[in-house]
Enquirer: 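Quick one: the structure is below, and I'll ask about it shortly.
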Amino acid sequence: MESIFKQAESIQKDIVNYRRYLHENAETGFSMEKSVSFISQRLKEFGYSPKPCGKAGVQVCVGKGGKVFLLRADIDGLPIREKTGLPFACTNGNMHACGHDMHAAMLLGAARILKENEAKLCGRVKLLFQPAEEILQGAKDCIEGGVLQNPKVDAAMTLHVLTGLELPTGSVVVSSAGVSAPAADYFSVSIKGKGCHGSTPWKGVDALSVAAYTLLALHQLPAREIALATPSVLTVGKLEGGKAGNVIAEEAVLQGTLRSFDEETRARIKKRIQELANSTAKAFHARAKISFEGGCPTLINDRELSVFVKESLQKLFKEDVFSSEDLKGNKEGGSEDFAYISQKVPSVALALCAGAPSKGYRYPLHNPKTIFDESVLYKGAAIYAHAAIEWLKEGAGTR
């Protein structure tokens, strides 16, 4: 399979160009017109017939008959004003600060390689370019759009670039069996009180004060009610209330997010958020309205697929392949909507190290100064293509 690696290496400059166009024209959510057009045009040049998937996804399939392995790349950016100073920096107010431009470019490279090797495939590879990951809605939308059907997908893989880890650039981290990314829930608590003059607070119900007590109560949940064995993170990132300094606030709003690695714990905390918000408001003669707005489940990695992909990549890259179990103490709390796919078919998520802090890549994901090492792009394309080909040929796809 060394030839796949060589093929990827030979198109590195093209993959860099794909990435730079997508980076310079970053788009968000489901509004992906330029990105989708660019990706579709490249796929047509490779010999594919791209099909829409959901609101703004693109899918293609290569190979004939047999089982189907799905390769997924997210393609959306963030509403962040870029401050990298790169010559191809985005200037429209958006930014690929999470590396999705890297993912899309690498999957385009893999698509090109797979098409050139189509006759050798022992099954089919479906490629999904997915929007709206940052708002955790794209994967679900693509599933509803039929991406796991016609042909039916048997297993799936995704790849994410990372910075901030002191690992050699180009190192691959294969998620071990089980949950690698927590479930995410966004919640909002609206407090309704009674406004009055600031000089006579006893005549009103201070919604802002109730919101403050509610915030403190909510932050006690993971600290005092959840065991260490099932970690969770609850953050209230927004608190608004009041119109003037001498007026008792009639309304206040808290907005936050919950991350949990266990579905039972997730359900328990969501129930407690409602109980605490309602009881705190009632204690102060106010009313609370709680709503949960979007999110995604836990990302589950299939044991057999995880082991197979790791062993397969070790044959290609040797010492630069790790499992997430090898990186103790580096568990992250970021969610990933590939989780929806992992709940439907055996799946595995990989990470590709694209810059260590000691090498100058010191800004984390989602920072306006985040940069990535483009030298890993061809390697990502090779990983995508190699894993799919090997799974269809030698792994679960032949059983």
Side-chain angles (χ1 to χ4, degrees), residues 1-12 15 67-73 99 102-103 105-114 117 120-123 125-127 154-163 165-178 180-181 299-327 330 336 338 341-342 345-356 372-373 375-399:
M1 197 47 61
E2 184 180 353
S3 61
I4 293 295
F5 188 82
K6 292 296 184 183
Q7 288 177 58
E9 200 170 22
S10 71
I11 60 172
Q12 164 71 359
I15 302 175
K67 292 201 171 185
V68 180
F69 194 79
L70 173 70
L71 298 175
R72 172 270 202 174
M102 301 276 285
H103 307 163
M106 292 187 293
L107 192 57
L108 280 173
R112 185 167 164 179
I113 294 167
L114 289 166
N117 291 273
K120 302 176 184 177
L121 294 178
C122 300
V125 183
K126 185 177 285 191
L127 299 93
D154 296 291
M157 188 186 90
T158 194
L159 177 66
H160 202 300
V161 290
L162 286 181
T163 59
L165 288 179
E166 281 299 341
L167 291 171
T169 296
S171 295
V172 187
V173 181
V174 181
S175 295
S176 303
S180 63
L299 196 167
I300 302 173
N301 296 277
D302 179 77
R303 182 177 301 278
E304 189 173 346
L305 182 57
S306 173
V307 171
F308 177 84
V309 169
K310 181 186 177 185
E311 291 179 350
S312 175
L313 292 177
Q314 282 177 327
K315 296 175 184 177
L316 197 63
F317 302 122
K318 299 183 174 58
E319 70 276 1
D320 287 339
V321 179
F322 305 87
S323 70
S324 55
E325 290 178 345
D326 299 326
L327 308 177
N330 282 300
E336 160 61 82
F338 181 69
I341 294 173
S342 79
V345 299
S347 302
V348 66
L350 280 63
L352 178 62
C353 296
F372 300 92
D373 190 338
S375 70
V376 304
L377 286 169
Y378 79 93
K379 193 168 187 178
I383 290 169
Y384 269 132
H386 175 80
I389 291 170
E390 290 300 297
W391 187 85
L392 291 173
K393 183 174 70 175
E394 301 175 11
T398 60
R399 299 178 184 178

Enquirer: Just jot down the side-chain contact (heavy atoms from CB on, under 4.5 Å) partners of A351, sequence neighbours excluded, or say none.
Expert: L162, V173

Enquirer: Run V348 and F308 through side-chain contact (heavy atoms from CB on, under 4.5 Å) and show every step you take.
Expert: CA-CA 10 Å; V348 66; F308 177 84; over 6 Å; no

Enquirer: Who passes salt bridge (Lys or Arg N to Asp or Glu O under 4.0 Å) against R112, sequence neighbours left out?
Expert: D14

Enquirer: Roughly how far, to the nearest 0.5 Å, is the CG atom of L352 from the CG atom of L159?
Expert: 5.5 Å

Enquirer: Apply the test side-chain contact (heavy atoms from CB on, under 4.5 Å) to residues K379 and D320: give CA-CA distance (whole Å), side-chain angles for both, the deciding distance (0.1 Å), then the verdict.
Expert: CA-CA 12 Å; K379 193 168 187 178; D320 287 339; 4.0 Å; yes

Enquirer: Drop me the distance from L299's CG to T158's OG1, to the nearest 0.5 angstrom.
Expert: 8.5 Å

Enquirer: Report the residues that fulfil ring-ring contact (aromatic ring centres under 6.0 Å, His included) with F338, sequence neighbours left out, ordered by chain and then residue number.
Expert: none

Enquirer: So, T163 side chain and G355 main chain: donor-acceptor pair closer than 3.5 Å or not?
Expert: no

Enquirer: Could you pull out all residues at least two apart from Q12 that satisfy side-chain hydrogen bond (donor to acceptor under 3.5 Å, both in side chains)?
Expert: none

Enquirer: Could you measure the distance from the CD1 atom of I113 to the OG atom of S10? Nearest 0.5 Å is fine.
Expert: 7.5 Å

Enquirer: Using a strict 4.0 Å threshold on nitrogen-to-oxygen distance, state whether E325 and K310 make a salt bridge.
Expert: no

Enquirer: If you compare all heavy atoms of V125 against all heavy atoms of L392, which two are closest, and at what distance to 0.1 Å?
Expert: CG2-CD1, 3.7 Å

Enquirer: Evaluate the ring planes of H160 and H103, with Trp represented by its six-membered ring, and classify them as parallel (under 30°), tilted (30 to 60°) or perpendicular (over 60°).
Expert: perpendicular

Enquirer: Are the side chains of D154 and V345 in contact, using a 4.5 Å heavy-atom criterion?
Expert: no

Enquirer: Tell me whether Y378 contacts the main-chain N or O of F5 through its side chain, where contact means a donor paired with an acceptor under 3.5 Å.
Expert: no

Enquirer: Partners of F372 by ring-ring contact (aromatic ring centres under 6.0 Å, His included), sequence neighbours excluded?
Expert: none

Enquirer: Start with the C-alpha distance between V161 and M106, add both sets of side-chain angles, then the distance that settles side-chain contact (heavy atoms from CB on, under 4.5 Å), and finish with yes or no.
Expert: CA-CA 10 Å; V161 290; M106 292 187 293; 3.8 Å; yes

Enquirer: Output all residues satisfying side-chain hydrogen bond (donor to acceptor under 3.5 Å, both in side chains) with S312, sequence neighbours left out; order by chain, then residue number.
Expert: H386

Enquirer: Sort out for me which residue in S306, S180, S347, S176 forms a side-chain hydrogen bond (donor to acceptor under 3.5 Å, both in side chains) with N301.
Expert: S180

Enquirer: Measure the CG-CD1 distance between L70 and I341 for me, rounded to the nearest 0.5 Å.
Expert: 5.5 Å

Enquirer: Please identify each residue that fulfils side-chain hydrogen bond (donor to acceptor under 3.5 Å, both in side chains) with S375, with sequence neighbours left out.
Expert: D373

Enquirer: For side-chain contact (heavy atoms from CB on, under 4.5 Å), just list the numbers for L305 and M157, CA-CA rounded to whole Å, side-chain angles, deciding distance to a tenth of an Å, and then say yes or no.
Expert: CA-CA 9 Å; L305 182 57; M157 188 186 90; 5.7 Å; no

Enquirer: Taking all non-hydrogen atoms of both residues into account, name the closest pair between I15 and A381 and its distance.
Expert: CD1-CB, 3.8 Å

Enquirer: Judged by atom type as modelled, is there a donor-acceptor pair below 3.5 Å linking the side chain of S324 to the main-chain atoms of S175?
Expert: no

Enquirer: With a 4.5 Å limit on heavy-atom distance, are the side chains of L316 and I383 in contact?
Expert: no

Enquirer: Among all residues two or more places apart in sequence or in another chain, which pass the side-chain hydrogen bond (donor to acceptor under 3.5 Å, both in side chains) test with N117?
Expert: Q7

Enquirer: Nearest 0.5 Å please: distance from the SG atom of C353 over to the CD atom of E166.
Expert: 10.0 Å

Enquirer: Would you indicate whether the side-chain heavy atoms of T169 and V376 approach each other to under 4.5 Å?
Expert: yes

Enquirer: For A110 and Y384, work out which heavy atoms get closest and say how close.
Expert: CB-CB, 3.5 Å

Enquirer: Does some side-chain heavy atom of L350 sit less than 4.5 Å from a side-chain heavy atom of L313?
Expert: yes

